[in-house]
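Working notes, beginning with the structure itself.
Order of the sequence lines sets the chain letters (A, B, ...), proteins ahead of strands, with each chain counted from 1. What you are looking at is a predicted structure, and each value in this text was computed from that prediction instead of being measured.
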Number of protein chains: 2
Amino acid sequence: MARTAAPGSRERILRTAGELFYRHGVRAVGMNQVIDAAGCGKNLLYRHFPSKDDLVAAYLRACRRERDRSSAQATAALADDPAARLRALVAEVAATATRPDFRGCAFRLYLAEFPGHEGEPARLARDYLRDTRAEIDELVARLDVADPGQLADRIWLIVEGLYASAARTDSGRTSAAATRLIDDLLAAALPG
Amino acid sequence: MARTAAPGSRERILRTAGELFYRHGVRAVGMNQVIDAAGCGKNLLYRHFPSKDDLVAAYLRACRRERDRSSAQATAALADDPAARLRALVAEVAATATRPDFRGCAFRLYLAEFPGHEGEPARLARDYLRDTRAEIDELVARLDVADPGQLADRIWLIVEGLYASAARTDSGRTSAAATRLIDDLLAAALPG
DNA sequence: GTCTATAAGGGGATAGAC
DNA sequence: GTCTATCCCCTTATAGAC
């Protein structure tokens, strides 16, 4: 399918749809709107994405790829230091949350829009949240702290709060508060 | 209008609509669905609520009333102790978040569903968030702490994280983490 | 008169056909 | 790319039951 079409058409449609989905919400954006914004024919879009759910799933997969890439880049130069990686993880979320077009976490926004849905988009969103939470758990488990479960719960709470709060209030202030709170929590929990 | 109608009809419709809106999302629930669930005629609903936005606004106003009532009840027997009131505020949110049908904060869910909307529902949602944030600011301002702004930011972050996280993960664990973290923050910030 | 039930208008949704 | 099919949305109007 994609081989016969213009090489960049799929990516262009997906990028256009993703921007609309993220800015206005998935439910608020219709397929016609995507077609108009992408400047393509209805045929081409439905050849690449047979249904809206397929398009939404591709959008969330692209978000995941970007987040994984961004996360890997943030921790690339770091030594194998769990505390530093935790700080970098939160700092990377804070950097994302201060981008001018930030409107929240795409996965959390999708789940808020489609509660109880069980399609592939919902699975992708839940997978991302589960994996991120697991990453925090694993990093905290490698720390020498008295109560790893509690520390992981607290860091997760802050990550969730950062995503939620920065979408609606001053994101710079929220991000600064989150990063400093994580620093304090780690400093208080770690020996020395 | 409501004076001539059966006395309980408006409240019954509103309660039915509210449950549907909260459980499935405002956009996902159509007026026909509300009418079917309430077992009323289309005429009656539109007489009480001339448009869906009016019904949604009434739903959010009911949420606000319930939250204000619940908040007042939680702090009624408390002395005029800002720290105790802050702890009670978070504990009350935690209690809400552990209810079995908890799916998130109705106001935050609405704003996630309707970004950029400027009608009365959006105003009600933003008013609630602004008032809650202001309440935290005022309580923290009355504490004898070195950096009230920072403490208020952190408490707000935890409240946001609690609402967001408890909707998707183990709410008991999330609530416990939030209340204990608030306790620790207050204990660390307060003298003595 | 108050309510229910039903039909219909005007629009936009996804999706498919040519 | 346009055109159509089908469905559901919000809303209004009409007709009938108690």
Original post:
Which heavy atom in A:D184 sits nearest to a heavy atom in B:R154, and how many Å separate them?
Top reply: OD2-NH2, 2.8 Å
**OP:** For A:R12, look at atom CZ and say whether over 12 heavy atoms of other residues, nucleotides or ligands are found less than 6.0 Å away.
**Re:** yes
Original post:
Is there a residue in residues 15-36 of chain A whose heavy atoms reach under 4.0 Å of DNA chain D, and which residues are they?
Top reply: none
Subject >> B:R47 CZ - D:dA13 C1' separation (whole Å) >> reply: 13 Å
Original post:
Has A:Q73 got more than 12 heavy atoms of other residues, nucleotides or ligands less than 6.0 Å from its CD?
Top reply: no
Subject >> Pair listing, ring pair (Phe, Tyr, Trp, His ring centres under 6.0 Å) test, anchored in residues 132-181 of chain A, at least two apart >> reply: none
Subject >> Rounded interatomic separation in angstrom, taking NE2 from B:H48 and P from C:dT4 >> reply: 9 Å
**OP:** Work out how much the helix from C:dG1-D:dC18 to C:dC18-D:dG1 bends between its end axes, five pairs an end, to the nearest 10 degrees.
**Re:** 20°
Original post:
Can you list every ring pair (Phe, Tyr, Trp, His ring centres under 6.0 Å) pair that touches residues 103-149 of chain A, not counting sequence neighbours?
Top reply: A:F107-A:Y128, A:Y110-A:F114, A:F114-A:H117
**OP:** Select base, sugar-phosphate, or nothing to describe what A:C40 touches, counting heavy atoms under 4.0 Å on all strands.
**Re:** nothing
Pairs under 3.5 Å (N/O, protein and nucleotides 14-16 of chain D):
unit_1 : atom_1 : unit_2 : atom_2 : d
D:dT14 : O4     : B:N43  : ND2    : 3.2

Subject >> Length of the CG-P vector between B:L45 and C:dT4, whole Å >> reply: 10 Å
Original post:
Does any N or O in the side chain of A:T98 come within less than 3.5 Å of the main-chain N or O of A:A95, such that one atom is a donor and the other an acceptor?
Top reply: yes
**OP:** Would you indicate whether A:R130, at its atom CZ, is surrounded by more than 12 heavy atoms from other residues, nucleotides or ligands within a distance under 6.0 Å?
**Re:** yes
Subject >> Side-chain touch A:P148/A:L143, heavy atoms, less than 4.5 angstrom >> reply: no
**OP:** Among the candidates D:dT11, C:dC3, C:dT14, find the nucleotide nearest to the side-chain atoms of A:Y46.
**Re:** C:dT14
Original post:
Is there side-chain contact between B:R108 and B:E160, with heavy atoms separated by less than 4.5 Å?
Top reply: yes
**OP:** Can you run down the ring pair (Phe, Tyr, Trp, His ring centres under 6.0 Å) pairs that involve residues 14-40 of chain A, sequence neighbours left out, and say none if there aren't any?
**Re:** A:F21-A:Y59
**OP:** Identify the two heavy atoms, one from B:K42 and one from B:N32, that lie closest to each other, and give their separation to 0.1 Å.
**Re:** NZ-OD1, 2.9 Å
Original post:
How do A:K42 and B:S51 order along DNA chain D: which one's closest nucleotide is nearer the 5' end?
Top reply: A:K42
